[in-house]
Amino acid sequence: AYRLVMGTQGGTLWEFQVPTGQMNPISYQHNHSITAILSGGNVYATGCKDSVIRVFDSGSHELQFELKGHEKAVTSLAWASENDYLVSGSWDGTAKIWHLPTKAMVATLPDHENTVTVCGLGEENGVLKVATGSAGLAQGNQILNHTTRLWTVATATGQVKMLKSVANDHDGPIRGLSVWKPDDETMLTTCSNDGTVRLRSLATAETVTTYTALTQDPPILLSLASNDTTLFASAEDGNVFVWNTAGTMQSIPHASCVWNVLALPESDVATCSQDGTLRIFTQATDRYAPEAEREAFAKEVQAQLEKKRTGPSQDEISKLPQWSMNSLQQGKSEGQVQVFQKDGKAIAAQWSAASQTWIEVGEVVGNAGDSGMIDGEKYDFVFPIEVDTQGGGVAKLQIGYNTGENPFVAAQRFIDAHQLPQHHLSQIADYIQQRAGSNAHPTLGASAAAAPVAPTLIFKQLPIKSYKAFELSKATNFEKLIGKLEGISDEQRTNVVVPLTTTLAATNRYHGATLTSDQKQFVLGVLKTAKPHQAFPALDLARLMVLLPSKDADASYWKQVFAAAQHQCSLLPSVEDPKANIAIPMLTLRLLANAFRENKKALDLDEVLKCTQQHLASKNKLIRSSVATVLWNAAFYLKSSAPDQADRFGPIIVGQVNDIIEMHSLYESEAATRALMAMGTVLLVGTASKEKGQALFLVSKVERFASPHGDAAKATARDIYSIVSS
């Protein structure tokens with residue numbers, strides 16, 4: 001006798017007792033969907049969409065402790081060795097090693113391509129061996145660089161070493177890993193969206209043998225399990241594929257998607273399906289389920305297969321719009337197929353844009369595939385799809401697709417219908433392509449499909465719509481600032497500096513304010529001749545002066561000011577006053593940021609971006625904020641005033657923001673959001689920036705970077721994801 005513990009999308013846990021079949025609810029309630037579960041020894045662990053691993057006592061089911069360190073959902077768990085070391089994989093692109101007795105994170109295995117699947121390979125002399133698989137990166141309409149890796153981790157020091165990596169031998173994301181020992185030879189196995197299982201060498205990760213799920217269209221394989229003689233793979237199409245050591249395959253069909261499969265004692269196997277049911281299968285005739293129960297299961301499977309082969313039911317037909325009223329329903333595009341009710345039958349019609357009428361094609365009959373209807377509209381394929389909802393739940397929806405249609409158009413239609421985040425576009429399109437396959441045939445087949453139309457992307461945050469400026473604040477004390485101007489005469493103070501600060505203080509009169517020649521030359525003179533600790537008060541005046549309306553003739557003056565300010569930066573660090581080491585670069589950057597509003601013609605964008613690059617990794621938050629604001633304004637300038645320069649300077653901005661992303665948590669949320677907005681805006685202008693973003697694989701890291709920085713940053717990251725992957 002033994003017990004199984006199951007986790008659900010609703011966050012509940014259940015205990016199932018074998019062989020009695022008794023099910024008992026476990027009192028602990030997770031606040032998010034349970035996405036991974038693993039048992040061993042006296043404990044079991046759960047992984048959740050809230051990024052937390054929870055460890056429970058297997059006897060009492062009491063929560064023992066939590067392991068925190070991942071940034072996104074934990075979707076894979078495995079033992080690295082004998083129930084002491086746990087390895088976890090996450091949507092955040094990392095795997096982590098945990099030592100359960102001390103509740104400590106030992107190591108992080110970084111830089112995976114999106115979601116990580118994990119498998120422990122044992123321990124020898126204090127060194128763990130681990131295998132990982134990744135889901136890959138979206139590049140255009142393809143998912144590439146899904147990779148199998150072998151690692152070692154020293155338990156004493158946490159030192160991580162990647163031994164081997166093999167990329168792109170599967171034709172889709174890697175979804176499951178396990179170890180199998182056919183014929184006394186231990187093999188690493190991986191399964192994928194491409195419908196294959198690869199048996200790999202534990203020494204090289206290279207493929208030795210490939211098993212293929214033999215169905216009409218390659219199924220998406222979701223999980224793997226094995227015993228001494230058998231390898232199991234669960235599939236999204238409802239099958240569980242079973243191979244023996246000779247490579248002979250059989251399948252166990254289910255009525256719905258089989259999310260997970262688990263090898264049990266006595267060569268049994270357990271499956272968990274979309275219908276919420278746990279089933280155990282056996283080869284032992286004395287342990288078969290009652291005949292009535294087996295017959296009910298077989299009928300359920302057969303009914304689902306028949307449903308795929310037949311047309312709509314009478315109940316479905318009764319809900320269709322009446323053919324006699326078709327003139328009241330306007331088609332959306334040339335060739336659109338709509339199903340109507342006529343004389344008690346379902347008939348299909350296509351929309352003619354030229355005549356603005358529906359043209360009857362014929363009665364709707366079934367096919368051997370996945371055709372169906374959504375809201376009365378006929379599709380060659382109707383696929384189930386799950387979408388995360390607020391609070392960690394999952395909504396079960398349907399997506400329709402017609403043969404010959406651009407998958408991105410179908411994905412965009414689905415996103416619009418359900419008001420989903422735009423960053424799902426590429427992922428949904430890839431799912432459609434996987435499900436529809438290359439041998440799909442239209443139900444009607446009477447006319448060519450409408451020409452593909454590129455989806456129209458709607459962005460929540462982008463582009464930037466105005467410049468930002470560092471204006472006069474309530475904290476500005478002009479008397480104190482004047483006191484810091486060393487070596488000025490009483491005459492200069494009275495006739496030049498005080499009138500200047502009076503003008504700058506009257507912000508409501510900026511539109512009509514002017515600067516005298518003496519005032520401008522005074523500030524420029526200080527910037528050119530003073531040491532940094534004496535110059536920064538003049539720089540503070542300059543960053544406010546540049547906000548005043550300017551004439552074209554002033555451009556030469558401001559070019560001199562910008563050059564003098566950047567010269568002051570070159571004199572750092574200052575030994576006389578360490579505060580200048582912060583004030584000079586901060587105020588120089590704020591001067592440049594403010595110049596975009598009224599004096600952009602005086603700016604040399606090459607020099608501006610050299611300045612931001614110089615201070616990109618500053619340890620001071622005020623300087624980092626100033627860098628991000630300059631990038632924001634430079635991006636808006638390229639979009640609104642100089643799109644012809646976007647292909648030259650846009651990639652530089654993309655590269656600098658990518659550097660910020662690579663610094664991970666250095667930038668505060670406001671500065672991080674401004675930097676992301678700058679990147680996203682230039683991605684929309686010209687082609688060079690987008691190509692740069694694709695070369696940097698932004699889709700694999702931009703959302704991870706934005707995750708801790710609030711809703712605006714996350715929405716901007718999703719916009720960037722959509723642009724780069726479209």
Side-chain angles (χ1 to χ4, degrees), residues 35-36 38 47 70 72-80 86-97 107-122 128-139 142-153 160-180 186-213 218-226 231-236 241 259-261 427 430 434 697 700 704:
T35 46
L38 176 72
H70 281 294
K72 291 187 178 180
V74 177
T75 53
S76 182
L77 294 170
W79 292 113
L86 179 72
V87 55
S88 58
S90 167
W91 285 355
D92 65 11
T94 71
K96 294 182 183 293
I97 307 293
T108 295
L109 315 183
D111 301 329
H112 290 77
E113 298 75 18
N114 288 316
T115 307
V116 184
T117 303
V118 299
C119 181
L121 303 178
L128 302 173
K129 192 171 183 180
V130 174
T132 61
S134 65
L137 302 170
Q139 296 183 28
Q142 294 182 294
I143 304 294
L144 298 175
N145 297 330
H146 24 76
T147 303
T148 304
R149 294 176 171 89
L150 299 179
W151 308 77
T152 58
V153 179
V160 173
K161 183 178 181 181
M162 187 176 70
L163 302 178
K164 301 288 182 181
S165 68
V166 178
N168 296 318
D169 56 351
H170 277 296
D171 290 328
I174 297 170
R175 304 295 292 267
L177 278 76
S178 73
V179 171
W180 190 31
T186 303
M187 309 286 285
L188 174 66
T189 62
T190 60
C191 68
S192 167
N193 283 18
D194 63 5
T196 69
V197 176
R198 290 181 174 268
L199 278 60
R200 302 175 183 272
S201 163
L202 280 182
T204 66
E206 296 288 348
T207 299
V208 177
T209 304
T210 300
Y211 291 164
T212 302
I220 296 175
L221 301 183
L222 300 174
S223 70
L224 291 169
S226 64
L231 178 66
F232 305 94
S234 70
E236 187 269 345
F241 297 96
W259 287 108
N260 211 342
V261 62
Q427 182 182 9
D430 177 66
Q434 290 284 343
F697 302 112
S700 68
R704 192 190 327 168

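Side chains are part of it too, since the values below use all heavy atoms of this structure and drop only hydrogens, waters and symmetry mates.
A donor-acceptor pair is defined here as one N or O able to donate and one able to accept, closer than 3.5 Å; no such pair exists between the side chain of S134 and the backbone of G93. Checking side-chain atoms of N193 against main-chain N and O of I220 turns up no donor-acceptor pair under 3.5 Å. When atom types are taken as modelled, the side chain of S223 and the backbone of G176 share no donor-acceptor pair closer than 3.5 angstrom. In this structure, T35 contributes its side chain and V74 its backbone to a donor-acceptor pair below 3.5 Å. Checked by atom type and distance alone, the side chain of S88 never pairs as donor or acceptor with a backbone atom of A95 at under 3.5 Å. In terms of modelled atom types and a separation under 3.5 Å, the side chain of N145 and the main chain of G136 share no donor-acceptor contact. The backbone N or O of S178 sits less than 3.5 Å from a side-chain atom of T189, completing a donor-acceptor pair.
Counting only heavy atoms from C-beta outward, the side chains of W91 and N114 never approach each other to under 4.5 Å. The shortest side-chain heavy-atom distance between V179 and L121 falls under the 4.5 Å cut-off. Looking at L177 and V118, their side chains never come closer than 4.5 Å, going by heavy atoms from C-beta outward. Taking 4.5 Å as the limit, every side-chain heavy atom of P219 sits out of range of all side-chain heavy atoms of E236. Counting heavy atoms from C-beta on, the side chains of T108 and V160 never come closer than 4.5 Å. Taking 4.5 Å as the limit, every side-chain heavy atom of V87 sits out of range of all side-chain heavy atoms of V153. N168 has its side chain within reach of H146: a pair of non-hydrogen atoms, C-beta onward, lies under 4.5 Å apart.
When T207, T148, T147, D194 are each tested for a side chain to side chain donor-acceptor pair (under 3.5 Å) with H170, only one passes: D194.
Considering all non-hydrogen atoms of both residues, L150 and A131 come closest at CD2-CB, 4.0 Å. The two residues G120 and A78 make their nearest non-hydrogen contact at N-CB, 3.9 Å.
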Would L86 and L77 count as a side chain to side chain contact (heavy atoms under 4.5 Å, CB included) if you check the C-alpha gap in whole Å, the side-chain angles of each, and the deciding distance to 0.1 Å?
CA-CA 7 Å; L86 179 72; L77 294 170; 4.2 Å; yes
With side chain to side chain contact (heavy atoms under 4.5 Å, CB included) as the criterion, how do K164 and E206 come out once you've worked through the C-alpha distance, each side chain's angles and the decisive distance to 0.1 Å?
CA-CA 9 Å; K164 301 288 182 181; E206 296 288 348; over 6 Å; no
Step by step, would you call K129 with L163 a side chain to side chain contact (heavy atoms under 4.5 Å, CB included)?
CA-CA 10 Å; K129 192 171 183 180; L163 302 178; 4.2 Å; yes
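A distance of 13.0 Å separates CZ of R175 from OG1 of T190, quoted to the nearest 0.5 Å. Rounding to the nearest 0.5 Å places CG of L137 at 12.0 Å from NE2 of H112. Taken to the nearest 0.5 Å, the CG atom of L224 stands 7.5 Å off from the OG atom of S234. Going from atom CG of L222 over to atom CG of N260 covers 8.5 Å, rounded to the nearest 0.5 Å. Taking OG1 of T132 as the reference point, atom CD1 of I174 lies at 8.5 Å (rounded to 0.5 Å).
Defined by atom type and a distance below 3.5 Å, a donor-acceptor pair is missing between the side-chain atoms of T117 and S76.
Under the ring-ring contact (aromatic ring centres under 6.0 Å, His included) criterion, W180 pairs with no residue at all, not counting sequence neighbours. The salt bridge (charged side-chain N to carboxylate O under 4.0 Å, His left out) check on R200 picks up D169, with sequence neighbours excluded.
Remark: D111 CG is loosely packed, at most 12 non-hydrogen atoms of other residues, nucleotides or ligands lying under 6.0 Å away.
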